[in-house]
Engineer: 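Here's a structure for you.
Lettering of chains follows the sequences in order, A, B, ..., and the numbering in each one begins at 1.
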Amino acid sequence: MPNKKKSEKLKTVLPSGGEDISFFEQVYDVVRQIPRGRVTSYGAIAAYLGTRMSARMVGWAMSGAGAVKPKVPAHRVVNRNGMLSGKAAFATPTLMEELLAKEKIKVKDDTILDFEKKFWDPAVELAL
DNA sequence: CTCCTGACTCAGC
DNA sequence: GGCTGAGCCAGGA
């Protein structure tokens, strides 16, 4: 079956230094490390990767989060406001909220309550 | 090959 | 204090 590495398509042009992983994989790696009951923002991940302004790429990387394995808890990633901007990208627009609810995360009006309290900063937790 | 859009964010008005 | 524009990287038409 002609299918082995879909990520190969996402092959990046990262500077030759040893890092062959793409920007997307870096995002996935960080997101997978998000502990249960915690959430983070695209900007935080982007900042952790060193590209604060490329938060869009982070969100976009999440577009393939459901297609990449192992599974990426994209539902724990929201925008800077804590709003579930990407809920529409899930199987169902309510799936994201449900998943968060299972982690004891309260969501009101598509926005995470106590967001800053449940906020998980990779730059701090991972202390890179 | 060029143009546009996209799960964002910041700065300016 | 809310809206608009610009910047970011990458992929699809």
Engineer: Whom does C:dG7 pair with, Watson-Crick or G-U wobble, provided both distances fall under 3.5 Å?
Structural biologist: B:dC8

Engineer: May I have the distance from A:L100 (atom CG) to B:dA7 (atom P), rounded to whole angstrom?
Structural biologist: 18 Å

Engineer: From the set C:dA10, B:dT9, B:dA7, return the single nucleotide nearest to any side-chain atom of A:Y42.
Structural biologist: B:dA7

Engineer: Between B:dC8 atom P and A:F115 atom CZ, what is the distance in whole Å?
Structural biologist: 13 Å

Engineer: Can you spot which of A:V30, A:V124, A:V58 makes a side-chain contact (heavy atoms from CB on, under 4.5 Å) with A:Y48?
Structural biologist: A:V30

Engineer: To the nearest angstrom, how far is A:Q26 atom CD from C:dA10 atom P?
Structural biologist: 11 Å

Engineer: Expressed in angstrom and rounded to an integer, what is the separation of A:F24 atom CZ from C:dC8 atom C1'?
Structural biologist: 12 Å

Engineer: Calculate the interatomic distance between A:M57 atom CE and C:dA10 atom C1'; express it in whole Å.
Structural biologist: 5 Å

Engineer: Paired with B:dC13: which nucleotide, if any, by Watson-Crick or G-U wobble criteria at under 3.5 Å for both distances?
Structural biologist: C:dG2

Engineer: Would A:E103 and A:R76 pass as an ion pair if we require N to O under 4.0 Å?
Structural biologist: yes

Engineer: I'd like to know if A:R56 reaches the base of C:dC8 with its side chain such that a donor and an acceptor end up less than 3.5 angstrom apart.
Structural biologist: yes

Engineer: Which is true for A:A61 with a 4.0 Å heavy-atom rule: it touches a base, it touches only sugar-phosphate, or it touches nothing?
Structural biologist: nothing

Engineer: Mind calculating the distance between CG (A:L49) and C1' (C:dC8) to the nearest angstrom?
Structural biologist: 13 Å

Engineer: Are A:F90 and A:V78 connected into the same hydrophobic cluster when the rule is that any two of I, L, V, M, F, W, Y join if their side-chain heavy atoms are below 4.5 Å apart?
Structural biologist: yes

Engineer: Output yes when a side-chain donor or acceptor of A:D109 lies under 3.5 Å from a complementary backbone atom of A:T111, and no otherwise.
Structural biologist: no

Engineer: For B:dC8, does either OP1 or OP2 sit under 4.0 Å from a side-chain N or O belonging to A:S85?
Structural biologist: yes

Engineer: Quickly work out the A:N79 CG to B:dT9 P distance and round it to whole Å.
Structural biologist: 5 Å

Engineer: Which nucleotide wins on minimum distance to the side chain of A:F90, given the candidates B:dT9, C:dA10, B:dA7?
Structural biologist: B:dA7

Engineer: Taking only the side-chain heavy atoms of A:S54 (C-beta and beyond), determine which of B:dA7, C:dC9, B:dT9 contains the nearest atom.
Structural biologist: C:dC9

Engineer: Can you check the distance between C:dG5 and B:dC4, where both ends of the measurement are the P atom (answer in whole Å)?
Structural biologist: 15 Å

Engineer: Looking at NE2 of A:H75 and CD1 of A:I112, how far apart are the two atoms once the value is rounded to the nearest 0.5 Å?
Structural biologist: 9.5 Å

Engineer: Just the rounded figure in Å: distance from P of B:dC8 to CE of A:M83.
Structural biologist: 8 Å

